[in-house]
Amino acid sequence: MAGKLKWVTDIEKSVLINNFEKRGWVQVTESEDWNFYWMSVQTIRNCFSVENGFRLSDDQLVNHFPNHYELTRKDLMVKNIKRYRKEQEKEGSPLAEKDENGKYLYLDFVPVTFMLPADYNLFVEEFRKSPSSTWIMKPCGKAQGKGIFLINKLSQIKKWSRDSKTSSFVSQSSKEAYVISLYIDNPLLIGGKKFDLRLYVLVTTYRPLKCYMYKLGFCRFCTVKYTPSTSELDNMFVHLTNVAIQKHGDDYNQVHGGKWTVSNLRLYLESTRGREVTDKLFHEIHWIIVQSLKAVAVNASPSLTSSTANDRILKYNLINDILNIVVPNGEIPDCKLNKLPPTEVLGHYHLLYDEEAAQADGAERDLKSRGGQPTGVKGSRAKDSGRPAMTTWK
């Protein structure tokens with residue numbers, strides 16, 4: 001080994017620093033030569049801004065792709081997925097297939113969504129088609145449930161506009177951007193409560209796309225049982241799973257933080273819905289992840305804050321496995337090399353998608369087809385999966 005890997009971070013989290021130190025890596029400052037820099041979101045933006053024009057050398061790694069906000073900002077995520085749909089349609093991809101009503105059969109994983117104030121007139125037109133529906137509004141640039149609310153009347157939008165000191169939807173320059181989406185009012189409930197999933201995906205390259213799924217994600221539960229009643233639209237303990245919201249509730253549990261492991265969720269679903277249904281669900285979750293990554297070319301911004309002891313252990317192990325994959329054996333990085341790490345270093349990750357392997361698989365099928373060997377029909381659906389066959393969507 002040529003030398004000890006040099007690291008720097010501007011995030012004071014023990015799950016990070018303990019992982020670096022246990023490897024015997026050398027801590028340096030940002031002004032010195034470094035190989036691995038775990039940056040905050042703001043540092044990434046400043047570092048890779050047009051003004052700075054910073055470029056990584058071949059022996060340097062950072063924890064974000066520079067344009068990560070293309071996925072993490074709600075409005076940009078929707079914009080990119082809509083654009084991806086159009087691109088697939090233009091290319092004649094089987095993924096862009098629609099039903100007789102013009103609805104996407106496969107790329108239907110984002111609810112009807114508009115940007116406000118820009119798409120206000122389009123939203124009103126859609127709202128009037130189903131005036132009894134509920135919609136959820138989210139500020140584009142905020143997190144942890146801040147600024148989110150539900151509406152079921154147009155007058156509530158007008159009140160929001162007045163409260164935001166904007167007299168008209170025509171003037172948009174000073175208006176904070178929001179996304180408004182059709183609310184899923186019949187969610188899967190466990191114990192009568194809403195929950196969401198926190199899943200970790202490691203993306204090591206985008207050209208070609210290569211990503212890994214972490215097996216130890218978790219669910220976050222609301223503290224109050226769900227009801228679609230309009231009288232509870234303002235009760236965020238019913239509708240939002242964010243810990244930043246739920247921890248203020250009377251029924252919040254400080255020990256487990258209202259969380260389940262994904263493995264416990266699987267056990268529950270297998271016992272109540274069956275193994276086949278559960279496998280299909282997780283296959284479709286993985287499918288959505290890959291399509292979302294293809295639609296953008298960015299990674300996400302996972303929180304490294306730990307609200308419970310189990311949280312801290314999970315995130316420590318998460319970072320440990322990430323470092324084993326991206327810096328195997330603690331060697332100085334060489335970004336010219338794009339090798340798959342050996343299976344034994346993956347830890348709790350498994351390879352979710354490898355574009356090079358998928359392309360090679362496609363080329364092999366083409367050769368077999370020319371040789372007269374049966375290969376299956378392109379775009380055919382996997383049996384009972386509701387999605388194109390694995391070799392097609394991958």
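- Among all heavy-atom pairs drawn from Cys211 and Leu351, the shortest one is O-CD1, 3.5 Å.
- Taken together through direct or relayed side-chain contacts under 4.5 Å among Ile, Leu, Val, Met, Phe, Trp and Tyr, Leu150 and Phe114 form parts of separate hydrophobic clusters.
- Using a 4.5 Å cut-off on side-chain heavy atoms (C-beta onward), Trp34 and Thr9 make no contact.
- Taken to the nearest 0.5 Å, the CG atom of Leu107 stands 10.5 Å off from the CD atom of Glu97.
- A donor-acceptor contact shorter than 3.5 Å links the side chain of Gln156 to the backbone of Lys153.
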Test side-chain contact (heavy atoms from CB on, under 4.5 Å) applied to Val41 and His68, step by step:
CA-CA 9 Å; Val41 170; His68 64 94; 3.4 Å; yes
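- Salt bridge Glu89/Arg85: absent, no basic N to carboxylate O contact under 4.0 Å.
- Once rounded to the nearest 0.5 Å, the distance linking CZ of Arg275 with CG of Leu269 reads 12.0 Å.
- For Lys98, the NZ atom sits in a packed shell: over 12 heavy atoms of surrounding residues, nucleotides or ligands are nearer than 6.0 Å.
- Minimum heavy-atom separation, Lys6 to Asp33: CD-O, 3.4 Å.
- Judged by distance alone, with hydrogens and angles left aside, the side-chain atoms of His256 form a donor-acceptor pair with the main-chain N or O of Gly258 at under 3.5 Å.
- Side-chain contact between Thr261 and Leu216 is absent, with no heavy atoms from C-beta onward closer than 4.5 Å.
- Aromatic ring pairs are classed by plane angle as parallel below 30°, tilted from 30° to 60° and perpendicular above 60°; the pair Phe282 and His286 is perpendicular.
- The pair Glu70-Lys79 meets the salt-bridge criterion, since a charged nitrogen lies less than 4.0 angstrom from a carboxylate oxygen.
- At least one donor-acceptor pair under 3.5 Å links the side chain of Asp99 to the backbone N or O of Lys103.
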Could you walk me through whether Lys142 and Glu176 pass the side-chain contact (heavy atoms from CB on, under 4.5 Å) test, one step at a time?
CA-CA 11 Å; Lys142 292 182 180 177; Glu176 181 181 12; 3.3 Å; yes
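- Side-chain contact between Leu189 and Lys225: absent, with no pair of heavy atoms (C-beta onward) separated by less than 4.5 Å.
- Side chains of Thr43 and Asp10: a donor-acceptor N/O pair is present below 3.5 angstrom, by distance only.
- Put simply, the side chain of Ile190 does not reach to within 4.5 Å of the side chain of Thr272, judged on heavy atoms.
- Closest approach of Phe237 and Ile245 over heavy atoms only: CE2-O, 3.2 Å.
- No side-chain N or O of Arg45 forms a donor-acceptor pair with one of Asn52 less than 3.5 Å apart.
- Side-chain contact between Met236 and Asn242 is absent, with no heavy-atom pair separated by less than 4.5 Å.
- Remark: Gln246 CD to Leu240 CG distance equals 7.5 Å, nearest 0.5 Å.
- Under a 3.5 Å cut-off, the side chain of Asn35 and the backbone N or O of Asp59 do form a donor-acceptor pair.
- Grouping the Ile, Leu, Val, Met, Phe, Trp and Tyr side chains by contacts below 4.5 angstrom, directly or via other members, places Leu199 with Val296.
- For the residue pair Ser57 and Gln60, a side-chain donor N or O sits within less than 3.5 Å of a side-chain acceptor on the partner.
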Does Thr230 form a side chain to side chain donor-acceptor pair (under 3.5 Å) with Asn152? I'd like the steps, not just the answer.
CA-CA 8 Å; Thr230 56; Asn152 62 349; 4.7 Å; no
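- Within 6.0 Å of CD1 on Ile184 lie no more than 12 heavy atoms contributed by other residues, nucleotides or ligands.
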Would Glu270 and Thr278 satisfy side chain to side chain donor-acceptor pair (under 3.5 Å), going step by step from the backbone distance to the final call?
CA-CA 6 Å; Glu270 287 175 5; Thr278 303; 5.2 Å; no
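- Of all heavy-atom pairs between Gly147 and Pro139, the closest is O-CD, 3.4 Å.
- Taking the side chain as every heavy atom from C-beta outward, Tyr214 and Leu352 never approach each other to under 4.5 Å.
- Side-chain contact, Asp185 with Thr134: no donor N or O sits under 3.5 Å from an acceptor N or O.
- Follow the hydrophobic side-chain contacts under 4.5 Å out from Val8 and you reach Val62 in the same cluster.
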Test side-chain contact (heavy atoms from CB on, under 4.5 Å) on Arg198 and Asp196 and set out the steps.
CA-CA 7 Å; Arg198 275 293 180 254; Asp196 74 356; 3.9 Å; yes
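- One finds the CG atom of Leu318 at 13.5 Å from the CD1 atom of Ile313 (value rounded to the nearest 0.5 Å).
- Ring geometry, Phe109 versus Trp287: the interplanar angle exceeds 60°, so the pair is classed perpendicular (tilted spans 30 to 60°).
- Between Glu284 and Lys280 there is a salt bridge, with a side-chain nitrogen of the basic residue lying less than 4.0 Å from a carboxylate oxygen of the acidic one.
- Note that CD1 of Ile151 and CG of Asp234 are 11.5 Å apart. Values are rounded to the nearest 0.5 Å.
- Ile288 and Leu188 end up in the same hydrophobic cluster when Ile, Leu, Val, Met, Phe, Trp and Tyr side chains are linked at under 4.5 Å.
- Heavy-atom minimum distance, Pro208 versus Glu355: CA-OE1, 3.2 Å.
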List the steps, then state whether salt bridge (Lys or Arg N to Asp or Glu O under 4.0 Å) holds for Arg266 with Asp279.
CA-CA 9 Å; Arg266 286 201 73 132; Asp279 287 345; 2.6 Å; yes
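- At least one side-chain heavy atom of Trp135 sits under 4.5 Å from a side-chain heavy atom of Leu182.
- Connection of Phe65 to Met39 is not established within any shared hydrophobic cluster, with ILVMFWY side chains joined at heavy-atom distances below 4.5 Å, either directly or through further cluster members.
- The aromatic rings of Trp160 and Phe149 are tilted relative to each other, their planes meeting at an angle between 30° and 60°.
- More than 12 heavy atoms of other residues, nucleotides or ligands lie within 6.0 Å of CG in Asn186, so this atom counts as buried by the packing criterion.
- Annotation: the span from Arg55 atom CZ to Cys47 atom SG amounts to 10.0 Å, rounded to 0.5 Å.
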Between Tyr316 and Lys22, is the side-chain contact (heavy atoms from CB on, under 4.5 Å) condition met? List the steps.
CA-CA 12 Å; Tyr316 175 85; Lys22 83 165 189 177; 3.1 Å; yes
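- At least one side-chain heavy atom of Gln291 sits under 4.5 Å from a side-chain heavy atom of Leu95.
- At a cut-off of 3.5 Å, with distance as the only test, a side-chain donor of Asn320 or Arg23 sits close to an acceptor on the other residue.
- The pair Lys90-Glu87 fails the salt-bridge criterion, with no side-chain N (NZ, NE, NH1 or NH2) lying under 4.0 Å from an Asp/Glu carboxylate O.
- Counting non-hydrogen atoms of neighbouring residues, nucleotides and ligands closer than 6.0 angstrom, the CZ atom of Arg83 exceeds 12 such neighbours.
- Taking 4.0 Å as the cut-off between side-chain N and carboxylate O, Asp75 and Lys138 do not count as a salt-bridged pair.
- Between Tyr226 and His239, the distance from one ring center to the other falls under 6.0 angstrom.
- Between Phe195 and the choices Phe218, Trp260, Phe221, the ring-ring contact (aromatic ring centres under 6.0 Å, His included) rule is met once, by Phe221.
- What you find for Ile180 and Ile157 is that their closest heavy atoms are CD1-CD1, 3.7 Å.
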